[in-house]
Amino acid sequence: TWQKLTADEVKETIYKLSKKGLTPSQIGVILRDSHGVNQIKHLTGTKILRILRAKGLASKIPEDLYHLIKKAVAIRKHLEKNRQDKDSKYRLILIESRIHKLARYYKTKAVLPPNWKYESATAS
């Protein structure tokens, strides 16, 4: 095959990149662009997040939820300076409702603990 890396080499690279603090999607982009690995699942048989979970390196909250919370915190910070920004206030409501919806889904799938709660005051 044209693939230069073996499954074990790819897993070691995933572990190394994860320890640097990269998310699974960032790891996938780096492997695709720098190492020429198009689909990790085809090479290793499992997805990046499952590989990280097996090693105990996966983050506590899912990546999509983390980025939504990060976005909400940024908008909240913006609203502290610009209280009159009605559009941002509206967007914050939409983002926070998406956070609650996603959290409810992850609780049913047992990815988040049942007592996990998003609170804007402690999010940052």
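We use all heavy atoms of the structure for the numbers below, so side chains are in, but hydrogens, waters and symmetry mates are not.
- One hydrophobic cluster, built from ILVMFWY side chains closer than 4.5 Å, cannot hold both Leu57 and Leu49; they sit in different ones.
- Legend: ring pair (Phe, Tyr, Trp, His ring centres under 6.0 Å) pairs involving residues 43-102, not counting sequence neighbours, sorted by first then second residue: His100-Tyr118.
- Ionic pairing of Glu96 and Arg76 is present here: one or more N-O contacts between side-chain nitrogen and carboxylate oxygen are shorter than 4.0 angstrom.
- A heavy-atom distance below 4.5 Å is not found between the side chains of Lys47 and Ile40.
- Taking the side chain as every heavy atom from C-beta outward, Tyr106 and Ile61 never approach each other to under 4.5 Å.
- Of all the heavy atoms in Ile99 and Ala72, the pair that sits closest is CD1-CB, 4.0 Å.
- Judged purely by atom type and a 3.5 angstrom limit, Glu80 has no side-chain atom pairing as donor or acceptor with the backbone of Lys77.
- Between the CD1 atom of Ile75 and the CD1 atom of Ile95 there is a distance of 3.5 Å, given to the nearest 0.5 Å.
- Residue Lys107 places its NZ atom among more than 12 non-hydrogen atoms of other residues, nucleotides or ligands, all under 6.0 Å distant.
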Problem - Audit row: Asp87, Arg91, salt bridge (charged side-chain N to carboxylate O under 4.0 Å, His left out) steps and yes/no - result: CA-CA 6 Å; Asp87 186 56; Arg91 300 289 162 209; 3.6 Å; yes
Exercise for the section: Verify side chain to side chain contact (heavy atoms under 4.5 Å, CB included) between Thr46 and Lys41, making sure each step is shown before the conclusion. Expected result: CA-CA 5 Å; Thr46 52; Lys41 190 176 179 191; over 6 Å; no
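- A distance-only check finds a donor-acceptor pair linking the side chain of Ser97 to the backbone of Leu94 [under 3.5 Å].
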Practice task
Under the side-chain hydrogen bond (donor to acceptor under 3.5 Å, both in side chains) rule, what do Glu63 and Ser25 come out as? Steps first, then yes or no, please.
Solution key: CA-CA 9 Å; Glu63 189 178 352; Ser25 58; 2.3 Å; yes
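- Atom-to-atom distance recorded for Leu31:CG and Asn38:CG is 11.0 Å, nearest 0.5 angstrom.
- Residues Leu102 and Pro62 are not in side-chain contact: their nearest non-hydrogen atoms beyond the backbone lie 4.5 Å or more apart.
- Around atom CZ of Arg98, more than 12 heavy atoms belonging to other residues, nucleotides or ligands sit under 6.0 Å away.
- Both Leu5 and Tyr15 sit in one connected hydrophobic cluster of ILVMFWY residues. Membership requires side-chain heavy atoms under 4.5 Å apart, directly or through other members.
- The CD1 atom of Ile51 sits 11.0 Å away from atom CD of Glu12, with the distance rounded to the nearest 0.5 Å.
- The shortest distance between side-chain heavy atoms of Trp116 and Pro113 falls below 4.5 Å.
- Within the 3.5 Å criterion, the main-chain N or O of Ile14 finds no donor-acceptor partner in the side chain of Ser18.
- Lys11 has its side chain within reach of Thr44: a pair of non-hydrogen atoms, C-beta onward, lies under 4.5 Å apart.
- One distance of note links CG of Leu65 with OH of Tyr105; it measures 12.5 Å at 0.5 Å rounding.
- The two residues Leu112 and Lys60 make their nearest non-hydrogen contact at CD2-O, 4.4 Å.
- Under the 4.5 Å side-chain criterion, counting only non-hydrogen atoms from C-beta, Leu52 is in contact with Ile27.
- Asn82 contributes no side-chain N or O that, together with a main-chain N or O of Asp85, makes up a donor-acceptor pair within less than 3.5 Å.
- If you take CG on Leu79 and CG on Leu92, they are separated by 6.0 Å, rounding to the nearest 0.5 Å.
- Residue Lys4 holds its NZ atom at 13.0 Å from NE2 of His35, rounded to the nearest 0.5 Å.
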